[in-house]
Amino acid sequence: MAVAQRAGTTRRQTEGAPAARLARWALRAVITVTALGVALAACSNSSDPVGEVAAGSATGDAAKIQAVGGDRFTPKTLELPAGEAVTIEITNADGRAHDFAIEAADLNTGTIQAGAVATATFTVPEGTTEFVCTFHRGMTGTIQGV
């Protein structure tokens with residue numbers, strides 16, 4: 001036996017000294033709280049609106065895009081007139097929350113809940129500009145300013 005025993009005690013009683021029990025309990029609590037925090041962070045996707053964005057459907061002409069299952073946008077590429085102000089209507093057709101962000105334009109719709117619609121209005125730059133869902137890595141698309 002690696003642990004010396006005091007007369008009249010069992011190995012479990014020796015290992016269960018108050019300080020050792022408290023240390024094990026504290027370690028378990030830290031692990032549990034950390035795991036819970038990670039799980040909640042993964043489930044509670046949210047972002048704040050930035051730029052000229054609104055909740056609800058567009059009034060007037062708008063390019064349309066959907067956030068769909070499999071963490072993707074459809075269509076994946078939009079061709080829009082460079083130098084012009086355009087509105088994009090984003091429909092969340094997925095069962096999870098998403099957002100629509102164009103980081104180069106400092107624009108983010110904020111959280112779009114499942115089944116909801118948001119709009120984003122901005123001036124289209126020339127060339128290729130990426131849009132993303134900031135909640136889901138790899139959920140991207142491009143805008144071709146033509």
Side-chain angles (χ1 to χ4, degrees), residues 2-3 9-146:
V3 176
T9 63
T10 66
R11 181 173 183 210
R12 182 155 175 87
Q13 288 172 325
T14 304
E15 289 177 345
R21 280 195 314 263
L22 181 59
R24 285 192 302 274
W25 178 87
L27 179 59
R28 286 185 194 123
V30 167
I31 291 169
T32 301
V33 169
T34 301
L36 182 59
V38 168
L40 288 175
C43 295
S44 63
N45 292 332
S46 69
S47 63
D48 294 323
V50 176
E52 193 175 337
V53 296
S57 299
T59 57
D61 290 336
K64 298 188 187 289
I65 195 165
Q66 290 187 334
V68 296
D71 291 342
R72 60 189 177 91
F73 288 108
T74 184
K76 190 165 179 71
T77 300
L78 295 173
E79 287 189 8
L80 301 171
E84 292 188 27
V86 298
T87 298
I88 298 177
E89 180 180 280
I90 306 97
T91 301
N92 185 352
D94 191 14
R96 300 183 304 157
H98 295 283
D99 67 356
F100 175 89
I102 303 173
E103 294 168 351
D106 197 26
L107 182 133
N108 189 314
T109 59
T111 305
I112 307 170
Q113 296 297 335
V117 178
T119 60
T121 302
F122 64 101
T123 300
V124 178
E126 287 189 27
T128 301
T129 303
E130 183 179 63
F131 58 85
V132 301
C133 171
T134 64
F135 305 159
H136 305 105
R137 181 184 300 267
M139 188 172 176
T140 64
T142 56
I143 296 169
Q144 296 294 324
V146 294

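The side-chain hydrogen bond (donor to acceptor under 3.5 Å, both in side chains) with Thr142 is formed by just one residue from the set Thr128, Thr77, Thr129; it is Thr77.
Annotation: side chain of Gln144 is not in contact with side chain of Leu80 (no heavy-atom distance under 4.5 Å). Val53 places a side-chain heavy atom less than 4.5 Å from the side chain of Leu107.
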Distance-only donor-acceptor hits, side chain of residues 60-74, under 3.5 Å, sequence neighbours excluded:
unit_1	atom_1	unit_2	atom_2	d
Lys64	NZ	Glu89	OE2	3.1
Asp71	OD1	Arg96	NH2	2.1
Asp71	OD2	Arg96	NH2	3.0

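Although no hydrogens or angles enter the test, the distance criterion places a donor-acceptor pair under 3.5 Å between the side chain of Asn92 and the main chain of Ile112.
Residues passing the side-chain hydrogen bond (donor to acceptor under 3.5 Å, both in side chains) test with Asp99, sequence neighbours excluded: Ser47, Asn108, Thr134.
Smallest separation of non-hydrogen atoms from Thr87 and Ala58: CG2-CB, 4.2 Å. Counting all heavy atoms, side chain and backbone alike, Ile143 lies closest to Ile88 at CD1-CD1, 4.0 Å. Closest heavy-atom contact between Gly145 and Ala82: C-CB, 3.8 Å.
Applying the ring pair (Phe, Tyr, Trp, His ring centres under 6.0 Å) test to residues at least two apart or on different chains, the pairs with a partner in residues 77-99 are His98-His136.
Note that CG of Asp94 is 9.0 Å distant from SG of Cys133, once rounded to the nearest 0.5 Å.
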- Report the C-alpha distance between Glu130 and Thr140 in whole Å, list the side-chain angles of each, state the deciding distance to 0.1 Å, and finish with yes or no for side chain to side chain contact (heavy atoms under 4.5 Å, CB included). CA-CA 7 Å; Glu130 183 179 63; Thr140 64; 3.7 Å; yes
